[in-house]
Each structure stands twice: as C-alpha cells, then as structure tokens.
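Letters A, B, ... are given to chains in the order of the sequence lines, protein chains preceding strands, and every chain is numbered from 1.
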2 protein chains.
Amino acid sequence: MNREKQEAILNKTEPAVRMEMQTFSEYLQKEGLKITNQRMLVAERIFSLHNHFTAEGLLEEFKDQRDQISKATIYRILSIMVSAGLLQEHNFGKDYKYYEHIIGHKHHDHIICTVCGKIVEFVDERIEQLQEQAAKDNGFKITGHSLNIYGTCIEHSSSGR
Amino acid sequence: MNREKQEAILNKTEPAVRMEMQTFSEYLQKEGLKITNQRMLVAERIFSLHNHFTAEGLLEEFKDQRDQISKATIYRILSIMVSAGLLQEHNFGKDYKYYEHIIGHKHHDHIICTVCGKIVEFVDERIEQLQEQAAKDNGFKITGHSLNIYGTCIEHSSSGR
DNA sequence: TTTGTTGCAAATCGTTTGCAAGCTA
DNA sequence: TAGCTTGCAAACGATTTGCAACAAA
C-alpha cells in the first residue's frame with residue numbers, strides 16, 4: 001500500500017484507533033508480513049468496533065463499500081490479529097466464533113442473554129482470584145480462562161409462566 | 001427392541017448405570033419416542049464413561065463392535081439426551097463439542113491443559129455465589145454458565161523457558 | 001525483482017437432514 | 001398396521017486452502 005492511501009486511512013480515524021493500527025503495523029513488519037490496503041481497512045474497522053462481532057458480521061460491514069474485501073481475506077486477517085494478541089476469540093456456544101479487540105479493553109467475563117443475544121461484560125476481582133487459586137490447587141499454571149454466564153436479561157425474563 | 005435384548009443389555013451393566021438408563025427410557029416413553037436397540041446401547045456406553053467425550057470418540061467405541069451404530073444415529077441420540085437433561089454439552093474452544101453425562105455428577109467447572117488436553121473438574125462455591133451476584137447486578141436471571149480455565153498441567157509446565 | 005497477499009472457487013470438517021427400508025408399540 | 005428410527009449419502013455452514021493474478025518492499 002502506498003503512503004498516500006495509508007495516510008488517507010489514518011487521517012480519518014480517531015487517535016485511539018490510530019495507535020492501535022500502529023501497533024498492528026509494527027507487528028506485521030516485525031513478522032515480515034506486508035502492510036496492505038485490506039489489512040489496514042479491516043484493522044481500522046475492528047478497532048473502531050466497541051462490541052463483539054463475528055467474521056460474517058465484519059464481512060457484512062464491507063458489503064456495500066467501494067473497498068470490498070473477500071471472505072477468505074477477512075478470515076486470514078482475523079487469524080493474524082489473534083496471533084498478534086490484538087484480538088480475542090470467544091466461543092459463546094454458537095457454531096461460529098465471536099471476536100473483540102483487546103487493546104484498551106481490559107480482561108472481563110461475559111453474561112449472555114440466551115433470548116436476544118445481548119452480551120454484558122463484567123469483572124469480579126474476587127472471582128479472578130479464586131480461579132487463580134483453583135488452578136494452583138490442581139497443579140495448573142493458568143494461561144487464560146473463559147467465564148460465560150448464560151441467562152435472560154431483564155427484557156426477556158418473563159416473570160410469569 | 002424386544003424385552004430379551006433389553007434385559008441382556010441391562011443385566012451386564014452396573015446398578016448405577018442401570019438406573020440412569022431407566023431414567024432415559026422413561027424420558028423416551030414420556031416423549032412418545034421409542035426404546036430402540038441403538039438408543040440403549042449408546043446410553044449404556046455413555047453412562048459408563050466417567051469422563052468427557054466427543055461424538056467422534058463415542059462413534060469410535062462402536063467401531064469394532066458387532067453392533068455398529070451410524071454416525072447420524074450417534075448425533076441424534078446425543079441430541080435427545082441433551083434435551084432430556086441427561087447430558088451436558090461443552091465448548092472447550094475446539095471446533096467440536098465435548099459431552100459428559102450429568103446424573104450422579106454434580107455441577108462443576110473445568111481446568112483444561114492446553115498441551116495434553118487433560119481435563120480436571122473443580123467447584124468453588126464462592127465462585128458460584130459471586131457469579132449469581134454478578135448476574136443479578138446486571139439484571140440477568142441465570143440459566144447456566146460455563147467456566148473454563150486454560151493452562152498447563154504439572155507435567156507440561158516447563159519451568160524453564 | 002522477489003516474496004507475500006488477494007480473490008475465487010473448491011475443499012474441509014463437524015454436524016444435520018432427506019429418504020427408503022426397518023423396527024417398535 | 002401406524003409412526004418413529006435407522007443408515008446412507010447428500011447437504012450444510014463456518015472456516016480453510018490451492019492457485020494464478022497482483023501488490024508491497
């Protein structure tokens with residue numbers, strides 16, 4: 001990608017997103033990967049999203065754009081960003097994956113409404129603590145964890161029935 | 001399935017498994033479903049397993065048997081048993097599902113070794129408590145949850161490196 | 001130029017489904 | 001017998017991959 005295009009993209013993004021894209025660019029260079037138009041466009045879109053998304057949803061975002069991006073490329077970029085540690089993959093029990101970007105987004109767990117799919121994030125230091133303990137008690141060295149609570153949100157908890 | 005066959009299966013199973021199969025049979029009848037040879041064989045096998053398994057693994061168990069069972073049937077039975085509340089489905093981040101039977105098997109969470117796949121079960125009432133609280137605080141009515149801790153077990157935590 | 005990247009379509013892989021033949025009740 | 005089940009193969013849906021054309025360094 002030539003410098004003009006790259007700057008064109010960078011100029012219209014907010015500072016926070018810009019920094020994250022910078023981090024991504026550096027990762028690409030470090031790995032001997034190339035900084036392409038599609039990679040920057042997808043990264044920009046992802047860092048601008050402040051909720052969970054799917055590969056399909058991301059693809060959707062580019063549907064009516066002048067810059068269309070193929071499904072294969074979307075998946076390939078998602079994969080790179082996960083390796084780069086910029087993106088986290090989630091399994092919410094569906095048969096497709098959810099993603100969310102990590103930078104400026106501290107660790108948290110999820111509560112998912114099984115009716116409408118609404119996702120709420122939360123953290124409880126005490127739970128984190130206890131997990132750490134449980135792993136240690138069982139001789140494990142924690143590398144990560146995923147805690148998903150399933151239930152029905154206010155709007156969908158029919159109190160009657 | 002005729003009574004003889006059914007008894008033949010029942011007679012060689014341990015009491016606990018027998019009771020669980022009984023529960024399954026009752027569920028089938030209640031739902032107007034039929035008690036078939038394959039359903040009993042698969043149920044018996046499942047209730048005899050005391051660890052997590054996959055559809056593929058279960059199928060494997062019948063590979064060299066006189067009573068072969070098709071992949072489609074395996075999946076159909078798994079689905080029924082999940083609906084019956086006798087089997088729990090798990091998503092351990094792999095692209096296939098894990099199952100474990102529930103009867104005589106209280107709720108618990110999992111610690112999974114990312115190197116060897118070893119799965120350890122644990123429960124911490126305090127964590128359960130805190131989750132309940134977190135959901136309530138966010139206006140959710142909990143219907144279930146899944147807590148998976150990923151890490152490396154003693155044998156695979158290379159202390160160096 | 002050299003080497004990595006893209007888009008396309010075909011391939012995978014776990015899981016599901018249509019359908020004719022076979023059981024259960 | 002009537003109605004559910006089974007096995008088989010084909011269908012699915014998300015994700016991956018081979019390959020020729022193309023862009024970045």
Side-chain angles (χ1 to χ4, degrees), chain A residues 1-7 9 24-43 53-60 62-63 65-84 87 89-99, chain B residues 1-7 9 24-43 53-60 62-63 65-84 87 89-99:
Chain A
M1 177 167 59
N2 56 50
R3 171 158 307 180
E4 299 154 47
K5 263 194 192 159
Q6 186 165 346
E7 302 217 322
I9 295 178
F24 183 41
S25 297
E26 284 162 13
Y27 175 82
L28 291 174
Q29 292 189 284
K30 177 163 66 70
E31 295 293 314
L33 300 173
K34 289 172 177 166
I35 296 174
T36 67
N37 203 355
Q38 318 32 5
R39 283 177 181 164
M40 286 302 107
L41 285 167
V42 171
F53 62 91
T54 61
E56 191 56 32
L58 189 56
L59 186 61
E60 215 40 58
F62 289 97
K63 263 294 162 42
Q65 301 270 148
R66 347 94 197 101
D67 316 285
Q68 294 231 352
I69 296 183
S70 80
K71 183 174 293 196
T73 297
I74 292 280
Y75 277 107
R76 285 190 274 234
I77 296 177
L78 287 174
S79 161
I80 292 175
M81 294 181 75
V82 168
S83 305
L87 211 53
E89 238 179 50
H90 290 295
N91 244 131
F92 290 147
K94 300 292 183 65
D95 44 6
Y96 40 85
K97 297 188 182 105
Y98 278 85
Y99 295 86
Chain B
M1 176 168 61
N2 57 49
R3 172 157 308 182
E4 298 154 48
K5 264 192 190 160
Q6 185 166 348
E7 303 217 322
I9 294 178
F24 182 42
S25 297
E26 283 162 12
Y27 174 83
L28 290 174
Q29 291 189 284
K30 178 164 65 73
E31 295 293 314
L33 300 173
K34 289 172 176 167
I35 297 174
T36 67
N37 203 355
Q38 319 29 6
R39 283 175 182 165
M40 287 302 107
L41 285 168
V42 171
F53 62 91
T54 62
E56 191 56 33
L58 189 57
L59 185 62
E60 214 40 57
F62 290 97
K63 262 295 161 42
Q65 300 270 148
R66 347 101 195 95
D67 316 284
Q68 293 231 353
I69 295 183
S70 80
K71 182 174 293 197
T73 297
I74 293 280
Y75 277 106
R76 286 190 273 237
I77 296 176
L78 286 174
S79 161
I80 293 175
M81 294 181 75
V82 168
S83 305
L87 210 53
E89 238 178 50
H90 290 295
N91 245 131
F92 290 148
K94 300 290 184 68
D95 43 5
Y96 40 83
K97 297 189 182 105
Y98 278 84
Y99 296 86

Counterpart residues, side-chain hydrogen bond (donor to acceptor under 3.5 Å, both in side chains), relative to Q68(B) (two or more places apart): none

Contact between [X] and [Y] at the side-chain level, heavy atoms closer than 4.5 Å - yes or no?
{"X": "F24(A)", "Y": "I35(A)", "answer": "no"}
{"X": "I77(A)", "Y": "Q38(A)", "answer": "yes"}
{"X": "K97(A)", "Y": "T54(A)", "answer": "no"}

To the nearest Å, how far apart are [X] [atom1] and [N] [atom2]?
{"X": "L78(B)", "N": "dG14(C)", "atom1": "CG", "atom2": "P", "value": "15 Å"}
{"X": "L41(A)", "N": "dA23(D)", "atom1": "CG", "atom2": "P", "value": "15 Å"}
{"X": "F92(A)", "N": "dA14(D)", "atom1": "CZ", "atom2": "P", "value": "17 Å"}
{"X": "E89(A)", "N": "dA14(D)", "atom1": "CD", "atom2": "C1'", "value": "12 Å"}
{"X": "E56(B)", "N": "dT12(C)", "atom1": "CD", "atom2": "P", "value": "16 Å"}

Shortest non-hydrogen separation from S70(B) to L59(B) and the atoms involved: C-CD1, 4.1 Å

Smallest separation among heavy atoms of A55(B) and I74(B), with atom names: O-CG2, 4.1 Å

The single option from Y99(B), F92(B), Y98(B) passing ring pair (Phe, Tyr, Trp, His ring centres under 6.0 Å) against Y96(B):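 So the option named by the test is Y98(B).
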
Where protein sits on nucleotides 1-13 of chain D, one letter per nucleotide: B base, S sugar-phosphate only, - none, heavy atoms under 4.0 Å: --BSSBBB-----

Inter-axis angle, terminal five-pair segments of the helix from dT1(C)-dA25(D) to dA25(C)-dT1(D) [nearest 10°]: 30°

Pairwise distance OG(S25(A)) to CE(M40(A)) - rounded to 0.5 angstrom: 3.5 Å

Any Y75(A) side-chain N or O less than 4.0 Å from OP1/OP2 of dT16(D):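 Checking Y75(A) against dT16(D): no side-chain N or O falls below 4.0 Å of OP1 or OP2.
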
Closest-nucleotide 5' rank along DNA chain C - winner of K97(B) and Q29(B): K97(B)

